[in-house]
Amino acid sequence: MSESSRYQPQAIERQWQRRWAEQGLHRTPALEEGGDTCMALSMFPYPSGSLHMGHVRNYVITDVIARVERMRGRRVLHPMGWDAFGLPAENAAIERGVDPGAWTDRNIAAMREQLQCLGLSIDWEREITTCHPDYYRWTQWLFLQFLEAGLAYQKDATVNWDPVDQTVLANEQVDGEGRSWRSGAVVEKRQLRQWFLRITAYADQLLDDLGGLSGWPERVRTMQANWIGRSRGAEIHFPVVDAEGKDSGERIAVFTTRPDTLHGVSYVVLAPEHPLVETLTTADQAVAVAAFRDLVSRQSEQERTAEDRPKRGVPIGARVRNPASGELVPVWIADYVLAEYGTGAVMGVPAHDQRDFLFARQYELPVRQVIVPVDSDAHDYEGTAWTGPGVLIHSGRFDGLTSEAAREAIVAVAEQEGWGRGQTTYRLRDWLISRQRYWGCPIPVIHCEDCGVVPVPAEQLPVELPRGVALEGRGGSPLAQLKSWVTVPCPSCGRPARRETDTMDTFICSSWYYLRYSDAHNTSLPFSREAVDGWLPVDQYVGGIEHAILHLLYARFFTKVLRDRGLLGFSEPFSRLLTQGMVQGITYRNPHTGKYIAPGDVADPSDPRDPESGERLDTFYEKMSKSKHNGVDPAVVIDRYGADTARMFILFKAPPEKDLEWDDADVEGQFRFLQRLWRLVDGAAERGLSLAGLAAADGGPDGTAPSCAAPSGADLSAGERELRRAVHTAITAVSEDLQGDFQFNTAVSELMKLSNAMAEHLADVSDAVAVEALRTLLLLLAPFAPHLAEELWGRLGGSGGSVHLQAWPVADPAALVRDTIPLVIQVKGKVRGNLEVPADADRATLEKLAVESDIAAKWLEGRSPSRVIVVPGKLVNLVP
RNA sequence: GCGCCCGUAGCCCAAUCGGUAGCAGGCAGGUCACUUAAAAUGACUCCAGUGCGGGUUCGAAUCCCGCCGGGCGCACCA
């Protein structure tokens, strides 16, 4: 084999990347040209400085989609940017004294370089970087929009404090175990004055619009719905009475989803932190209450909300009157009532709420049944409350109503008599956005002693982040130390005032970046209405499931607010969402020491041993990470096999939404496949085959014309017909795989099938049939292995410029037609044989052929079937 | 506890509507050819009856019920 005919990706990939860039092949077409647009978007990365396999998977998936859509004739926007504010830069500054901006820019340069090695068809002219003033100017501008709309506000609140990162966090950024999403530290509660965005004002829309997101995974929609956590019920006011039983004027508001159980209340419980505890506690209970509150305050969130822990509480001495029945019941505080949810107070209905039931048992409080189950036996209240629906008893004028009817009736009476109303509460809290850190977008407001909070006038934006700030990592807001920056004249009265020194949560920057791509260089607005409405919503968004609630919820919120401000004309930012699975590496761990061993240190993978102790190691796949020594560096893989192999492997190894197990042997296999393609085309070129001259028969990139001057007619040989069928089957299959669900793994396997069929038949078919097959193969390959497809296209004399400028092939239905098909003969549902039958035979013919076949004779032993099921094109089932 | 998803050869994965489980594909293994030999390449080949138990059906990987195993989300949210 001559040197020039070997597949050497290193020799061709760089060169093509350069040529594509020179030709501006991936530049976004102008919106004014009209026609169908498509925005394909990957979640933009944090510029850590090194690309990992998860990034590669993400961007390759989006790239294939962008490339296919271009070939299908759509005008594609496929941009990239950098989520560039954030703590790693600031921490690097603290540890090594480097400038966070310079550090970030260096990382961006390095990662951009690595990304370009992948052959991604990104329009780099629209690159955005959230930490650059030309971007964050508009982040600040948008913040002022929120402020103006009354959707940004400051308040004192109990907030999550991350002791490692020395800043507050939003609720979404703390996981189920009470740990920070970034640092993993258990968060503490602190009482601080902070900035919030009023996301709760959009809770209903955010929840209701999930129903229309049919292009999103069910899983993500459920997660968001759970997070928003809407529950409908009522707020009921219980008047507090004094020792004589007279109304004191105070009232306790409780939230309940079961107003129908109001007559079953045997006590009312406040959260220990509830403000009324101070005023309502009687002298004789003061000591016990103080002790209990102290106990609760020393428990962590986790301890307090742990499963199955006994509920504890103490009475505070006060009593309230049930507004419906007039009955007097005691007031308690208990650890199972949360201050942050609802009104921070509940009515205790032991008979019909399991928590109240357990609490009542513990403290011997009365259990009063007011709901009788209808369709089941009488409830025994041995260990559980009856929480189902039923009919009301012991409920005065509401007796006999069903739970459902009673809910409405009781709320109606409450509203009429002024002691309650229908109410909906949410689990969702307002979004805490201030951060006590330096490397973030400054909040553009000024605090004036006379004028209060004054927004920085739009024409003074951006409020630039001062450079050269000494960062020592002792927490607090670093900007506050910079007196010269902090002190400014009040824009309103001109007297000395102070700048806000907190910066914004970086999730704000990423809540609108996808909009900026539509108009990345606009200097008078974040984006024009025409551009944003022309390109968005994003047709296909691709990213990790870890943002199911965080980024994806925030972005939806921003979109709705900006719509209401008239800045854009749609309600949801992402029409379709693909959540890609993790890339996992083979991981070795010593089960005794718990130490992770690098695969390179394992001598024999079939019998993995600890290189030090010789102990047998556990082997499994886990998400690649430094600490587990199981990462594979994309740069190393690209150096060795080329980007096309890496792309093909990642797409082929698993369906995109599933986790992918990295396997070097499979990478090797993928490389071999590309080598086979190379040899296949090389052989064809030696034979003198050429794609030149086919241009006239091509369709334009409108995707409607046939892919090729189709060799047709009955004069084709059997082999030729078989190859053509394989070619057009591949077109159909790959096209379907790239529609909707994106089955890249099966699409690649279709390419393998086609190449196998070509290897078998190519030598025996006419030039016209061979050329059609070669051309189709390269067109189908182009989105997956863009460099190889381009190189081979060139070698075969492909006309019409780059393979990436060609129209996606269209299958010729005539080529798919078969003369005969194998008909499966079943007897009583069991396959007993095959019959070659004319493909167009009708039901009666099929039945006749089957019944008269030898197979039928053998298995029916002469009897005639009592029933015959015919599935045309597939099978005939004979039931004796 | 509630909800969702998944379970197919040694491994990763396929299999429109229920219709031949793999001439879907790959990896690993085996045999052979080429070679002085090896690598590379090519050809052929081995391997499951779909986690388990029921049900519906002419026919179930696919639909229904109950278990088992794994993953994810929510969880004292009133």
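Every heavy atom of this structure was used, including side-chain atoms; hydrogens, water molecules and symmetry mates were not. Below, chains carry the letters A, B, ... as their sequence lines are ordered, and counting in each starts from 1. The shown structure was predicted, so the numbers you read here are calculated from the model rather than taken from an experiment.
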Residues passing the salt bridge (charged side-chain N to carboxylate O under 4.0 Å, His left out) test with A:E172, sequence neighbours excluded, are none
Check your understanding: Are any of the side-chain heavy atoms of A:V329 and A:N322 separated by less than 4.5 Å?
Key -> no
side-chain contact (heavy atoms from CB on, under 4.5 Å) filter on A:A759, not counting sequence neighbours, yields A:L680
**Prompt:** Reckon A:F652 touches a base, only the sugar-phosphate, or nothing at all at heavy-atom distances under 4.0 Å?
**Reply:** base
By nearest-heavy-atom nucleotide on RNA chain B, the more 5' of A:G229 and A:G669 is A:G669
Legend entry - Touch class at under 4.0 angstrom, heavy-atom based, for A:T222 against every strand present: nothing
For B:rG29, the nucleotide meeting Watson-Crick or G-U wobble distances (both under 3.5 Å) is B:rU45
If pairing means Watson-Crick or G-U wobble with both distances under 3.5 Å, then the partner of B:rG18 is none
### Query
Expressed as a whole number of Å, how far does the P atom of B:rA40 sit from that of B:rA21?
37 Å
With sequence neighbours left out, the residues meeting ring-ring contact (aromatic ring centres under 6.0 Å, His included) with A:F744 are A:F742
As its Watson-Crick or G-U partner within any shown strand, both distances under 3.5 Å, B:rU56 has none
Residues passing the ring-ring contact (aromatic ring centres under 6.0 Å, His included) test with A:H547, sequence neighbours excluded, are A:H551
Checking N1-N3 plus N6-O4 or O6-N4 for Watson-Crick, or N1-O2 and O6-N3 for wobble, each under 3.5 Å, the partner of B:rU36 is none
Show each protein N/O and nucleotides 16-20 of chain B N/O combination with a separation under 3.5 Å, one pair to a line.
residue, atom, partner, partner atom, Å
B:rG19, N2, A:Q826, OE1, 3.0
B:rG19, N2, A:N877, ND2, 3.4

Applying the 3.5 Å cut-off to both distances, the Watson-Crick or G-U partner of B:rC4 turns out to be B:rG71
Taken in chain and number order and not counting sequence neighbours, the residues that satisfy side-chain hydrogen bond (donor to acceptor under 3.5 Å, both in side chains) with A:Q224 are A:R556
